[in-house]
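Each ligand, and each atom within it, is numbered from 1 in the order the structure gives.
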Amino acid sequence: MRLFTAFELTPEVKEEVVHLQEELRPLPFRRWQPQRTLHVTLHFLGEVDARVRPDLEQTLRAACHGFGSFRLQLDRLGGFPSLKRPRTIWLGVAGQRDRLSALEALIRPRLVRLGIPLEARAYAPHITLARDPRSHVQVPDLHVREIAWTVSELVLFESTLQPGGAIHTPLARFALT
Ligand code: 3AM
C-alpha cells in the first residue's frame, strides 16, 4: 500500500487555501489539489507491505502520544523546484515550525527502523495547491491571510493513484495530546 502521514486542515484554513486556488486558477496547471485532500504531509512512506501496518501504527501512536499539540499558520506561496519555474505550487507553513520539525525528527528514525526508506531531502512543510504546469508559469504575488490553526493529531493516509488524481483514504489517527 502507498502510504503517507499528514496533518489535516481546519475548515477556515481550507477556505483560505481554496480562495487562493481560485485566484491562481487561470494558471495552466493540469492538477489542482481538491479541497477535501488539502493537507500538510509529514512523511511520504511510499509502497509499504500491508504486514508492516500494525507495527507502523504502533510506532506512530507511541511517537505522537504526549508530544503535545502545536500551532501552525499559513505562510507565503512557494514552488518546487522554485517559484520562478514551479512544477508544484504550494503554501508554506509558519507558526511553531520548531515543534513540527521536532516531530518530524522524532518519527523519521523510527520509520527507518521499520525498513521504510525516506527522502534524504530536508523537510519543507507545505500545502500543495497545484501540480504539472503545461508551460512556463508566472505566479502572481498573492496576499495570504495569516490564519493559524491547532494541530492535535497526525493521520496515516493511503494514497491510491487514479487517472483523475490520487484518492486519499485516512487509515488511522494518532492524537498528539
Ligand atoms: O501533497 P504533498 O506535496 O504534500 O507529493 C506527494 C504528496 O505530497 C508526496 O507525498 C504526498 C502524498 O502523495 N509524494 C508522492 N510521491 C513521492 C515521492 N516519490 C512523494 N514524496 C516524496 N517522494
Side-chain angles (χ1 to χ4, degrees), residues 1-10 13-21 24-25 27 29-50 52-53 56-57 59-60 64 70 72-97 99-101 103-105 107-112 114-134 137 139 142 144 147 149 151 153-174:
M1 34 198 347
R2 189 174 190 268
L3 303 178
F4 67 102
T5 58
F7 306 104
E8 291 177 324
L9 309 182
T10 62
V13 175
K14 278 194 177 181
E15 202 178 298
E16 174 67 2
V17 176
V18 169
H19 163 73
L20 292 164
Q21 280 182 317
L24 296 168
R25 195 69 75 167
L27 298 179
F29 280 87
R30 285 191 183 84
R31 290 179 193 275
W32 292 86
Q33 192 78 26
Q35 178 171 357
R36 65 180 184 285
T37 67
L38 291 167
H39 63 270
V40 179
T41 296
L42 186 64
H43 291 112
F44 176 74
L45 282 57
E47 206 49 53
V48 174
D49 191 315
V52 177
R53 192 171 151 199
L56 170 62
E57 291 194 12
T59 296
L60 293 173
C64 289
F70 52 90
L72 293 179
Q73 186 176 307
L74 295 181
D75 200 7
R76 282 177 296 181
L77 282 174
F80 289 139
S82 78
L83 204 47
K84 285 214 169 116
R85 273 188 180 276
R87 279 197 292 273
T88 299
I89 33 174
W90 43 264
L91 265 179
V93 173
Q96 291 182 287
R97 285 274 299 251
R99 299 289 293 146
L100 182 57
S101 296
L103 187 61
E104 195 280 325
I107 293 177
R108 168 176 289 271
R110 299 182 186 203
L111 295 178
V112 172
L114 285 177
I116 296 169
L118 298 176
E119 273 202 317
R121 268 184 290 184
Y123 181 51
H126 63 274
I127 300 163
T128 293
L129 305 183
R131 293 189 171 85
D132 300 341
R134 268 181 260 256
V137 171
V139 181
L142 295 182
V144 180
I147 300 175
W149 75 104
V151 171
E153 66 176 17
L154 179 67
V155 185
L156 175 65
F157 283 99
E158 178 169 17
S159 171
T160 314
L161 298 177
Q162 302 277 317
I167 294 177
H168 296 171
T169 310
L171 299 181
R173 296 173 180 277
F174 310 101

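- Of the candidates H39, Q33, E47, the one placing a heavy atom closest to atom 1 (O) of ligand 1 is H39.
- Heavy-atom minimum distance, R131 versus T88: CG-OG1, 4.0 Å.
- Taking distance alone, with nitrogen or oxygen atoms compared against 3.5 Å, H126 approaches ligand 1 more closely than that limit.
- Nearest protein heavy-atom contact of atom 5 (O) of ligand 1 is R131 NH2, 3.1 Å.
- Of the possible donor and acceptor atoms, one in the side chain of T5 sits under 3.5 Å from a partner among the backbone N and O of H43.
- Within the set F44, F80, W90, the minimum heavy-atom distance to atom 20 (C) of ligand 1 is found for F44.
- Judged by distance alone, the side chain of H168 and the main-chain N or O of A166 form no donor-acceptor pair under 3.5 Å.
- Ranking protein heavy atoms by distance to atom 13 (O) of ligand 1, first place goes to R2 NH1, 3.9 Å.
- Within the 3.5 Å criterion, the main-chain N or O of L72 finds no donor-acceptor partner in the side chain of Q96.
- For atom 3 (O) of ligand 1, the closest non-hydrogen atom of the protein is T128 OG1, 2.5 Å.
- For atom 8 (O) of ligand 1, the choice among L38, T41, L3 with the nearest heavy atom turns out to be T41.
- For R36, there are no salt bridge (Lys or Arg N to Asp or Glu O under 4.0 Å) partners at least two apart in sequence or on another chain.
- Checked against a 3.5 angstrom limit, the closest N/O atoms of S159 and ligand 1 fall outside it.
- Between F4 and F157, the ring planes are parallel. Angles under 30° get that label, and only those over 60° would be called perpendicular.
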